[in-house]
Amino acid sequence: MVASLDNVRGLTLAMSSSAFIGSSFVIKKIGLKKAGDSGARARAGSGGHSYLYEPLWWLGMVTMILGEIANFAAYAFAPAILVTPLGALSIIFSAVLAHFILKERLHMFGVVGCILCVVGSVGIVLHAPKEREINSVGEIWHFATQPG
C-alpha cells in the first residue's frame with residue numbers, strides 16, 4: 001500500500017493534534033490547581049473565576065486551540081476515515097501525561113482502555129477503504145440517494 005503525501009500530512013497533523021489536545025488537559029489542570037491553591041479567590045468548582053488570571057490555564061487553552069486547528073487542517077489533507085480515529089489518541093496522551101506529571105494513578109481499566117483505543121485506531125486506519133474521487137454534484141446526489 002502506497003501512502004500519498006497528502007495522507008501522510010493529514011495523519012501527521014491528526015497525531016500532532018492529539019498530542020496538543022491531550023497535553024492541554026494536563027496543562028489546564030495544573031493551572032486550575034495553582035489557581036485553587038492561591039486561596040485569594042473562590043475556586044472554579046464554587047463558581048469562582050480565579051483560574052482566568054492563571055497563565056498556565058491560558059497556555060492550556062492555547063494548546064487546545066492549536067490542537068483543534070491542526071485537527072481541522074488534517075481533514076483538508078486526509079479523508080475523515082483516517083483522521084477521526086486518531087482523535088482517540090488524545091485520551092492516551094492525556095492519561096500518560098497525567099500519570100507521570102500529575103502523579104495520578106492509572107488503574108487497570110484505564111490501561112485496558114488505552115490499549116483498546118490504540119488497537120482500534122490503528123485497525124481502522126490500516127483497513128480504511130480507498131476514497132473515491134467525486135467529479136460532479138450529480139455524483140454526490142447519486143451516492144447520497146442510493147442505499148447503503
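Being a predicted model, the structure only gives us computed values, none of them experimental. Position 1 is the first residue of the sequence, and the numbers go up from there. All values below come from the heavy atoms of this structure, side chains included, with hydrogens, waters and symmetry mates left out.
Listed here is the closest heavy atom pair of Ser24 and Gly60: CB-O, 3.2 Å. For the residue pair Ala98 and Val26, the shortest heavy atom distance occurs at N-CG2, 3.9 Å. When all heavy atoms of Leu13 and Ala74 are compared, the closest pair comes out as CB-CB, 3.7 Å. Closest of all the heavy-atom pairs between Pro85 and Ser121 is O-OG, 2.8 Å.
Counting heavy atoms from C-beta outward, Phe77 and Asn7 have side chains that stay 4.5 Å or more apart. Put simply, the side chain of Leu82 reaches to within 4.5 Å of the side chain of Pro79, judged on heavy atoms. Side-chain contact check for Ile81 versus Val125: every heavy-atom pair is 4.5 Å or farther apart. Using a 4.5 Å heavy-atom cutoff, the side chains of Thr84 and Tyr75 are in contact. Counting heavy atoms from C-beta outward, Tyr51 and Lys34 have side chains that stay 4.5 Å or more apart.
Residues that satisfy the salt bridge (Lys or Arg N to Asp or Glu O under 4.0 Å) test with Glu68, not counting sequence neighbours, are absent from this structure.
No more than 12 heavy atoms of other residues, nucleotides or ligands lie within 6.0 Å of CZ in Phe109, so this atom counts as exposed by the packing criterion.
Under a hydrophobic clustering in which Ile, Leu, Val, Met, Phe, Trp and Tyr are joined whenever their side-chain heavy atoms come within less than 4.5 Å, directly or via other members, Met108 and Leu116 fall into the same cluster. Ile65 and Phe72 are members of different hydrophobic clusters when ILVMFWY side chains are connected at heavy-atom separations under 4.5 Å. Note: the hydrophobic cluster containing Val122 also contains Leu11 (ILVMFWY, side chain heavy atoms under 4.5 Å, direct or indirect links). Residues Ile91 and Val112 do not share a hydrophobic cluster, defined by chaining ILVMFWY side chains whose heavy atoms lie under 4.5 Å apart. The hydrophobic cluster containing Ile101 also contains Leu59, counting ILVMFWY residues as joined when their side-chain heavy atoms lie under 4.5 angstrom apart, directly or transitively.
For the atom pair CZ of Phe20 and CD1 of Ile27, the computed distance is 9.5 Å after rounding to the nearest 0.5 Å. One distance of note links CG of Leu89 with OG of Ser16; it measures 11.5 Å at 0.5 Å rounding. Between the CG atom of Leu106 and the CZ atom of Phe100 there is a distance of 9.0 Å, given to the nearest 0.5 Å. Annotation: the span from Asn71 atom CG to Leu86 atom CG amounts to 9.0 Å, rounded to 0.5 Å. Once rounded to the nearest 0.5 Å, the distance linking CD1 of Ile21 with OG of Ser94 reads 11.0 Å. Of the inter-residue distances, the one linking Ile92 atom CD1 with Leu97 atom CG reads 11.5 Å to the nearest 0.5 angstrom.
Listed by first and then second residue, the salt bridge (charged side-chain N to carboxylate O under 4.0 Å, His left out) pairs that reach into residues 14-32 are Lys29-Glu104, sequence neighbours excluded.
Judged purely by atom type and a 3.5 angstrom limit, Ser17 uses its side chain to pair as donor or acceptor with the backbone of Gly67.
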